[in-house]
Amino acid sequence: MPLLTVSCLSKSFSSSSGASALPVVNGLSFGVEEGELFALLGPSGCGKTTTLRCVAGLETPDRGTVTLAGRTLDADGGPRVPPEKRGVGLVFQDYALFPHLTVAAHVAFGLRHLSRVERRDRVAEVVRLVGLAGLEDRLPHALSGGQQQRVALARAVAPRPRLLLLDEPFSSLDAGLRHETRERVRDLVRSEGMTALLVTHDQQEALAFADRVAVMQGGQIDQVGTPEAVYRTPRTLFVAQFLGRTNLMLAEARGETAETPLGALPLHRPASGTVMVSLRPEALALTASAEGGGREGTVLSRDYWGHDVTYRVRLPGVGLGPIECLVHTDARASFAVGDVVGVRAVEPAVVLERVGVPESGADPTF
Ligand code: ADP
Ligand code: MG
């Protein structure tokens with residue numbers, strides 16, 4: 001059984017005009033395993049913070065249940081466990097530090113149940129774990145943004161919560177510090193034996209941080225899976241596009257293969273009829289000619305990144321006129337704008353689900 005189970009969670013906010021509001025979180029269900037780092041990933045406004053606040057008990061769901069370690073925290077119409085009794089730690093985007101409290105006082109905040117000696121030892125331990133030793137007596141205004149973030153983290157972690165809730169905790173840090181802080185948080189969650197639920201709009205962050213990612217839009221989850229699974233085999237058009245650049249093409253599927261603008265390609269799952277397929281730029285390769293299979297095209301542009309290169313290649317018309325595709329290769333093979341090249345797929349094409357359209361019958365509307 002997962003450590004945290006959220007099922008059929010819904011929440012709407014009534015507007016000041018009293019108009020009936022659309023749900024911000026709409027029948028959301030997911031589970032987080034013990035020891036897991038789980039990310040809720042989605043664009044701004046899709047309901048991530050609201051979901052996290054429902055788990056924390058800071059928001060009352062309209063419907064749905066939340067259970068943590070076998071204990072029901074929220075149930076439809078049932079009694080609710082208040083935030084401070086849930087055994088969860090929270091790190092907010094803005095850190096929410098108290099200006100008049102020192103680093104040590106922040107970390108000691110949730111440790112009032114311990115004896116003075118135990119509390120002192122735990123504060124020293126956690127301050128060291130997050131790399132703030134020597135700064136115990138500082139006030140927030142005398143700390144850098146990165147240090148403030150670590151105080152918020154230390155405060156949340158000190159009482160050893162079963163579940164750590166992180167709401168965009170790295171977004172106000174600059175790029176270098178963000179990477180380092182993310183690694184530190186990950187090590188800390190693992191070494192303290194905690195489970196973490198991270199909310200972020202940053203694809204790279206979710207993919208790099210989490211063991212599993214739930215991709216959200218409009219208060220619902222489109223797909224849950226490992227970073228590799230959601231990136232390489234997106235289930236929907238939204239997931240394909242939200243997680244990075246991709247080549248989208250219409251194809252005629254016949255079971256295991258499909259006729260695509262790049263020729264006949266294997267599919268990652270059987271399908272039939274007109275489907276939309278996704279091929280990531282790195283699932284395509286370029287050769288000096290189309291003799292090794294694939295289609296002939298012309299290089300339109302070339303972005304050189306040092307470690308690799310992205311090409312935009314125009315393919316001649318197949319039915320619908322010329323198409324352009326993105327090809328991401330290592331920097332060893334080098335082509336110039338105007339070169340005629342062969343483009344071929346080196347991975348199966350990923351069939352996207354038609355959302356809201358029956359699998360057979362009507363024309364596909366993607
Ligand atoms: P995210 O964290 O994914 O950016 P939120 O959960 O913060 O999204 O918000 C989702 C939507 O709900 C937004 O449109 C936001 O304006 C609205 N919303 C959030 N909290 C409230 C509230 N207390 N009252 C009214 N609307 C809210
Ligand atoms: Mg938010």
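Whatever order the structure lists ligands and atoms in, that order sets their numbers, starting from 1. Because the structure is predicted, anything quoted here is derived from the model rather than measured.
- Which of Cys54, Pro23, Cys46, Gly45 comes nearest to atom 4 (O) of ligand 1 through a heavy atom is settled by distance: it is Gly45.
- Although no hydrogens or angles enter the test, the distance criterion places no donor-acceptor pair under 3.5 Å between the side chain of Lys48 and the main chain of Leu198.
- Less than 4.0 angstrom separates some heavy atom of Val24 from each of these atoms of ligand 1: 10 (C), 11 (C), 12 (O).
- Less than 4.0 angstrom separates atom 16 (O) of ligand 1 from none of the non-hydrogen atoms of the protein.
- Residue-level proximity to ligand 1 for Thr50 is carried by backbone and side chain together, each with a heavy atom below 4.0 angstrom.
- The closest approach between Gly47 and ligand 1 falls below 4.0 Å for a heavy atom of the residue.
- Note: the hydrophobic cluster containing Val185 also contains Val103 (ILVMFWY, side chain heavy atoms under 4.5 Å, direct or indirect links).
- Residues satisfying the side-chain contact (heavy atoms from CB on, under 4.5 Å) criterion with Arg312, sequence neighbours excluded, are Leu300, Ser301, Glu324, Leu326.
- Glu180 has no carboxylate O lying under 4.0 Å from a charged side-chain N of Arg150, or vice versa, which leaves the two without a salt bridge.
- Using a cut-off of 4.0 Å between Lys/Arg side-chain N and Asp/Glu carboxylate O, Asp74 and Arg80 are scored as salt-bridged.
- The single protein non-hydrogen atom nearest to atom 23 (N) of ligand 1 is Phe13 CE2, 3.5 Å, given as residue, atom name and distance.
- Coordination check, Thr49 versus the Mg ion (ligand 2): passed, since an N/O/S atom of the residue sits under 2.8 Å.
- Remark: atom 11 (C) of ligand 1 lies closer than 4.0 Å to at least one protein heavy atom.
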Listed pairs under 3.5 Å, donor-acceptor, residues 1-11 side chains, sequence neighbours left out:
unit_1: Ser7; atom_1: OG; unit_2: Thr65; atom_2: OG1; d: 2.8
unit_1: Ser10; atom_1: OG; unit_2: Gly27; atom_2: N; d: 2.9
unit_1: Lys11; atom_1: NZ; unit_2: Thr60; atom_2: O; d: 2.7

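- For the atom pair His328 NE2 and Leu286 CG, the distance stands at 11.5 Å (nearest 0.5 Å).
- In this structure, of Leu52, Val199, Thr51, Thr49, the residue bringing a heavy atom nearest to atom 7 (O) of ligand 1 is Thr49.
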